[in-house]
Amino acid sequence: MKNLLFLAVVSFCLLNSNCSNGQSQKTATKTMNTKQKYPDPPVADEKTIYPVQYTDAQWKEKLTADQYYILRREGTERAFSGKYDHFYEKGTYYSAASLQPLFSSDAKFNSGTGWPSFYAPINPDAVRLVKDESFGTIRWAVVDSKTGSHLGHVFDDGPEPTGKRYCMNSVALIFVPEGGKPPTSSKQ
């Protein structure tokens, strides 16, 4: 009887182990496929040189006062105040600083945080990540890859497939409906 019980326990353990290994392999494969389809953006540091540079006076002329505050002074708009928070039309979100495409409406989701949120940029080279140690915490700021202008932050509490939440300021973005022409001016 003891031998039968022992065999049952060993069989159960081996079966459970194989199921766990199979699940681990599936999870690892899924993670690898997600990373291939949605690679993380590059990290910028103090040595990063952005290809588009303006003087402070030129930025003030190019941007609205609100855009300048968010993009160039790393400001944040109040939660639930941005025009793209509960906005779900099909199209592309461009940087108000460089006018390059940043996010697709296909990656947009309702995070409930009060800011427009996306699970991935339109491509990883559209943005850069900058370590932000302000307010006694460590976060990752998201900046425009051409100008280094502040867009928002990214967090690890987003939905599948990436688990990321790119939490952006509406003022930093210009939305163009599907089939529309890219923006030609920041002040739109």
Could you tell me whether the side chain of [X] and the main chain of [Y] form a donor-acceptor pair under 3.5 Å?
X    : Y    : value
S186 : A96  : yes
D132 : S134 : yes
T48  : D45  : yes
E77  : S170 : yes
K108 : F87  : yes

So [Y] and [X], do their side chains get closer than 4.5 Å, heavy atoms only?
X    : Y    : answer
I122 : L102 : no
L151 : L71  : yes
V176 : K181 : no
T147 : Q100 : no
E74  : I70  : no
Y88  : S105 : no
T113 : C167 : yes

Rounded to the nearest 0.5 Å, what separates atom [atom1] in [X] from atom [atom2] in [Y]?
X    : Y    : atom1 : atom2 : answer
S111 : D157 : OG    : CG    : 8.0 Å
K60  : R72  : NZ    : CZ    : 11.5 Å
R73  : Q67  : CZ    : CD    : 15.0 Å

* For W140, which residues count as a ring-ring contact (aromatic ring centres under 6.0 Å, His included) partner, sequence neighbours excluded? ->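 Per chain and number, W140 pairs via ring-ring contact (aromatic ring centres under 6.0 Å, His included) with no residue.
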
Report, one line per pair, each donor and acceptor closer than 3.5 Å where one atom sits in a side chain of residues 123-131; sequence neighbours left out.
residue	atom	partner	partner atom	Å
N123	OD1	D125	N	2.8
N123	OD1	A126	N	3.1
R128	NH1	D125	O	3.4

* **Residues H150, N169; criterion side chain to side chain contact (heavy atoms under 4.5 Å, CB included); working and verdict** => CA-CA 9 Å; H150 176 76; N169 289 284; 4.0 Å; yes

List the atom of [X], the atom of [Y], and the distance in Å for their closest heavy-atom pair.
X    : Y    : result
F80  : G112 : CZ-O, 3.7 Å
T184 : L99  : C-CD1, 3.7 Å
W115 : D85  : N-OD1, 3.5 Å
S104 : F118 : O-CD2, 3.8 Å
A120 : A107 : O-CB, 3.6 Å
P101 : Y94  : N-CD2, 3.4 Å

* **Partners passing side chain to side chain contact (heavy atoms under 4.5 Å, CB included) against P159 (at least two apart in sequence or in another chain)** => F109, Y119

Side-chain heavy atoms under 4.5 angstrom apart, residues restricted to Ile, Leu, Val, Met, Phe, Trp, Tyr: same cluster for [X] and [Y]?
X    : Y    : value
M168 : F175 : yes
Y68  : V171 : no
V43  : Y166 : yes

* With sequence neighbours left out, what residues match K187 under salt bridge (charged side-chain N to carboxylate O under 4.0 Å, His left out)? -> none

* Asked: For K164, what residues pass the salt bridge (charged side-chain N to carboxylate O under 4.0 Å, His left out) criterion, not counting sequence neighbours?
  ->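 Counting only residues at least two positions away or on another chain, K164 forms a salt bridge (charged side-chain N to carboxylate O under 4.0 Å, His left out) with D156.
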
* To do: Any pair with a residue in residues 89-106 that passes salt bridge (charged side-chain N to carboxylate O under 4.0 Å, His left out), sequence neighbours left out, goes on the list, sorted by first then second residue, please.
  =>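 Found K90-D106.
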
* Specify whether Y93 and Y84 have parallel, tilted or perpendicular ring planes, treating 30° as the upper limit for parallel and 60° as the lower limit for perpendicular. =>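 Plane angle over 60°, so perpendicular.
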
* **No-hydrogen, no-angle side-chain donor-acceptor test under 3.5 Å, D144 and S149** => no

* To do: State, without any angle test, whether D66 and T64 hold a side-chain donor-acceptor pair at a distance under 3.5 Å.
  => no

